[in-house]
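Just so you know, these numbers use all the heavy atoms, side chains as well, and skip hydrogens, waters and symmetry mates.
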Amino acid sequence: MKKKDIVYYARIQPSLGVYDVLELIVRTVEKDWFSGMDKRDKRVYLFNNKDIDKLVFIDRKVALNKVKEAEKYKKEVYEKIERTM
């Protein structure tokens, strides 16, 4: 992996009900970690090199399949709002 490569982050956060694939541009590559910037909202994500092929993928289809598989077994997230008067 090198700077300016395109990778795909399978963002799976079941407790928040978030299941999506983000397209990232690699910004920094170091020995143990790398960072990528989301092409849409310009947020930067930091990853350990161990996350490659677990959370971050070169192929978008692989990332999408990972998200779809996780979404099959998701639990419903309910938001409880209490009003105090």
Side-chain angles (χ1 to χ4, degrees):
M1 182 177 312
K2 60 186 183 296
K3 204 172 178 180
K4 296 188 181 180
D5 280 353
I6 302 293
V7 295
Y8 300 93
Y9 170 32
R11 186 167 65 166
I12 302 167
Q13 298 173 329
S15 61
L16 300 174
V18 175
Y19 298 87
D20 56 3
V21 176
L22 303 178
E23 187 173 354
L24 307 178
I25 301 170
V26 176
R27 284 183 44 172
T28 307
V29 178
E30 294 293 331
K31 180 181 175 186
D32 298 330
W33 60 273
F34 65 97
S35 68
M37 181 180 66
D38 187 347
K39 286 181 85 172
R40 291 182 181 220
D41 66 10
K42 307 301 183 205
R43 287 185 185 174
V44 176
Y45 297 89
L46 182 65
F47 299 98
N48 191 310
N49 284 345
K50 294 176 186 175
D51 294 331
I52 297 171
D53 292 332
K54 292 180 184 174
L55 298 174
V56 180
F57 302 90
I58 302 297
D59 186 356
R60 185 180 185 284
K61 287 181 184 179
V62 175
L64 188 58
N65 287 338
K66 184 85 162 178
V67 168
K68 285 182 178 182
E69 187 66 25
E71 201 168 17
K72 277 185 196 177
Y73 302 105
K74 73 178 179 180
K75 294 180 182 177
E76 293 299 319
V77 176
Y78 296 100
E79 190 173 308
K80 183 178 179 183
I81 301 172
E82 293 183 29
R83 293 183 183 193
T84 57
M85 294 188 151

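- Applying the 4.5 Å side-chain rule to ILVMFWY residues, one finds Met1, Val7, Tyr9, Leu22, Leu24, Val26, Phe34, Tyr45, Phe47, Ile52, Leu55, Val56, Ile58 in the same cluster as Val29.
- For Asp41, the side-chain contact (heavy atoms from CB on, under 4.5 Å) partners at least two apart in sequence or on another chain are Asp38, Arg43.
- A salt bridge links Glu69 with Lys72: the distance from a Lys NZ or Arg NE/NH1/NH2 to an Asp or Glu carboxylate oxygen falls below 4.0 Å.
- Annotation for Ala63 and Ala10: closest pair O-CB, 3.9 Å, computed over non-hydrogen atoms.
- Distance alone, capped at 3.5 Å, places no donor-acceptor pair between the Asn65 side chain and the Val62 backbone.
- Among pairs with a residue in residues 46-64, none fulfils salt bridge (Lys or Arg N to Asp or Glu O under 4.0 Å), at least two apart in sequence or across chains.
- By the side chain to side chain donor-acceptor pair (under 3.5 Å) test, Asp20 pairs with Arg11, sequence neighbours left out.
- Listed by chain and residue number, Lys39 satisfy the side chain to side chain donor-acceptor pair (under 3.5 Å) test with Glu23 (two or more places apart in sequence, or in another chain).
- Scanning all heavy atoms of the two residues, the minimum distance from Arg27 to Val44 falls at NH1-CG2, 2.9 Å.
- Annotation for Tyr19: hydrophobic cluster partners, listed by chain and number, are Ile6, Tyr8, Ile12, Val21, Ile25, Leu64, Val67 (ILVMFWY side-chain heavy atoms under 4.5 Å, direct or chained).
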